[in-house]
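Just follow the structure's listing: the first ligand is 1, and inside any ligand the first atom is 1. The structure displayed is predicted, hence computed values, not measured ones.
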Amino acid sequence: MDFFIKSGSPEKQRSACIIIGIFATRRLSGPAEQIDSVSDGYLSALLRRGNIEGEIGQILFLQQIPGVLSERVLLVGCGKERELNESNYQKIIQKTMQTLNESGTLEAICFLSELHINGKDNYWAIRQGIEITKDTLYSFDKFKSQKTKKRRALHKLTFITQSRKQLSKAELAVTHGKAISSGIKACKDLTNMPANICTPLYLAEQAQQLAEQHEKISVSILDQHALKDLKMHSYLAVAQGSSNPAYLSLLHYKGGETAQKPIILIGKGVTFDSGGLSLKGSAAMDEMKYDMAGAAAVYGTLKAIADLNLPLNVIGILAGAENMPAGNAYRPGDILTTMSGQTVEVLNTDAEGRLVLCDVLTYVERFDPECVIDIATLTGACIGALGHNISALLTPHNGLAHELLKASQQAGDKAWQLPMDDEYQSQLESPFADMNNLGGNAAGTITAACFLSRFTAKYTWAHLDIAGTAWRPAGPNKGATGRPVALLTQFLINRSDDQQ
Ligand code: BES
Ligand code: MN
Ligand code: ZN
């Protein structure tokens, strides 16, 4: 699937299909008016007869309109013009692309990028148009013997930008949209892999392959011996009950000057989280194959920034481990000595993510980071707090919080900041060790972040809890979302703009 931009009037386009908006109730958009006037009122007559009202979700294919060069015109309901916002735009593009793809249309020219969306510009409309299209047409059918792919699938989509002045911004929108979408796809494909295939070793192999594809990415893999030499006893404890050994994979992207400090992204890569001896219930346990979505988001983001050739140094880390119950598994009550020297009493083996991450957070001190962001499906409590649309952001650093929230808004990849006041730290007290790993029932997302904060004193750090947003749970749309690749890539685009 490829994307292009051009300018020009709708009736003069020679394409299999042009896509035109209709507003509620029965009102023509600008391009629709142009078609109407060359066709002697063809569209207005149609609307008068009540063939389409213009509500969101309504759609009408027309053929051979007089005076129009394209064979077909797809009319798309866009709702009330005044109410056109981000989420309506998303619904409109989704519906359009589903319809086109099902109709066997190979190529189309889309005038919907000219719609005026409150507070958004043409750059945004084109970039979102690309991202939403790729997201809508995504399917994970690697394991289906009958592929769902259409023999005649949509493969060329051109967005319209009218003013010449906007052309270079529109081109940038295509570049960004394509790179982010391909990062999102890479993230989804990896996240959706079942845990019998996607083991920590598999994550390491994917990291290796990504490095082979990009000149500016190199890879290093730490196996369990290396992790043991580094005294990452907490990380290793999580993996010790599994017959799939842990691997820590590091992707070094060098796009900046040698002296430029690296931005570090750490992804939780628990390839299956059974809960360990604190075993989870069987309802929806299959979804714990997605517990490596943080690592997959780091992987997808590195792919996107390498495609964009950003002038930054970034280290992306996939912290792979599998959490299983076994005779040699770690137990509730065990006391672990982390790489930092701090000790942890394990009160629940299902709070394993923080035990993996804490050692990696200590490990990255050696890179003298510009800042560190960890991304993790860390707490079920996050779903209780924010649901499935908004990721949680926790950080003691206001500047970094501000930057990440801004990137989140720009990218349409929602996040909301939760507090991490010192008072919460007392929930981590243990009578026998420096802290416990459970934190109790109240404010589970916050106490998990407070736990991590004890390992991040040496640098600027933020934590993204993506437990609710990384995948859609059971239902017709079940599967990975590719979040928060868009947010992270936007953050890095903004950082590289600051560099120049
Ligand atoms: N991976 C889970 C968090 C999770 C649960 C994400 C459900 C998405 C859906 C994490 O390892 C976990 O099990 N957390 C525990 C922590 C608790 C024991 C303190 C949780 O949230 O129940
Ligand atoms: Mn768990
Ligand atoms: Zn987990």
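Ring-plane geometry between F140 and F143 is classed as tilted, the angle between the planes lying from 30 to 60 degrees on a 0 to 90 degree scale. Ring pair W461/H463 is parallel by interplanar angle, where below 30° counts as parallel and above 60° as perpendicular. Aromatic ring orientation, W124 versus Y89: tilted (interplanar angle from 30° to 60°).
The protein atom (non-hydrogen) at minimum distance from atom 4 (C) of ligand 1 is G380 N, 3.8 Å. Closest protein heavy atom to atom 19 (C) of ligand 1: L438 CD1, 3.5 Å. The single protein non-hydrogen atom nearest to atom 10 (C) of ligand 1 is L378 O, 3.3 Å, given as residue, atom name and distance. Of all protein heavy atoms, the one lying nearest to atom 6 (C) of ligand 1 is A467 CB, 3.6 Å. Protein heavy atom in closest approach to atom 2 (C) of ligand 1: D273 OD2, 3.5 Å.
Sparse packing is recorded around NZ of K228, with 12 or fewer heavy atoms of other residues, nucleotides or ligands lying under 6.0 Å away. Under a cut-off of 6.0 angstrom, the local environment of CG in D229 is crowded, with over 12 non-hydrogen atoms contributed by other residues, nucleotides or ligands. Within 6.0 Å of the NE2 atom in H402, the count of heavy atoms belonging to other residues, nucleotides or ligands does not exceed 12. Annotation: Q213, atom CD; neighbour count of heavy atoms from other residues, nucleotides and ligands within 6.0 Å is above 12. The neighbour count for K231 NZ, taken as heavy atoms of other residues, nucleotides or ligands under 6.0 Å away, does not exceed 12.
Residue M97 holds its CE atom at 12.5 Å from CG of D135, rounded to the nearest 0.5 Å.
In this structure, atom 22 (O) of ligand 1 has its sub-4.0 angstrom surroundings free of protein heavy atoms.
Residue contacts with ligand 1, taken as heavy atom pairs separated by less than 4.0 Å, involve K280 solely via side-chain atoms from C-beta onward. With a heavy-atom cut-off of 4.0 Å, I383 touches ligand 1 through its side chain alone. When heavy-atom distances to ligand 1 are checked against a 4.0 Å cut-off, W471 comes that close only through its side chain, counted from C-beta outward.
Evaluated by nearest non-hydrogen atom to atom 7 (C) of ligand 1, the leading choice among M288, M285, R354, M292 is M288. Residue nearest to atom 13 (O) of ligand 1, selected from D291, T469, D350, V270: D350 (by heavy-atom distance).
Ionic pairing of D374 and K268 is not present here: no N-O contact between side-chain nitrogen and carboxylate oxygen is shorter than 4.0 angstrom.
The minimum heavy-atom distance linking G300 with A186 is given by the pair CA-CB, 4.5 Å.
Considering the Mn ion (ligand 2) as centre, the angle to OE1 of E352 and to O of D350 is 70° (10° rounding).
Close contacts between ligand 1 and N348 involve ligand atoms 18 (C) [criterion: under 4.0 Å to a heavy atom]. Numbered from 1 in the order shown, with element, the atoms of ligand 1 that lie under 4.0 Å from a heavy atom of K268 read 1 (N), 10 (C), 11 (O). If you number the atoms of ligand 1 from 1 as listed, the ones under 4.0 Å from a heavy atom of T379 come out as 3 (C), 21 (O).
With sequence neighbours excluded, no residue forms a salt bridge (charged side-chain N to carboxylate O under 4.0 Å, His left out) with R354.
If you check the side chains of T445 and T379, you find a donor sitting under 3.5 Å from an acceptor.
Ligand 1 has an N or O atom lying under 3.5 Å from an N or O atom of E352, backbone or side chain.
The side-chain tip of K188 points at the ring of Y138 from less than 6.0 angstrom away and within 45° of straight on.
Protein atoms that are N, O or S and lie under 2.8 Å from the Zn ion (ligand 3) are these: K268 NZ, D273 OD2, D291 OD2, E352 OE2.
At least one N/O/S atom of D273, from backbone or side chain, sits under 2.8 Å from the Mn ion (ligand 2).
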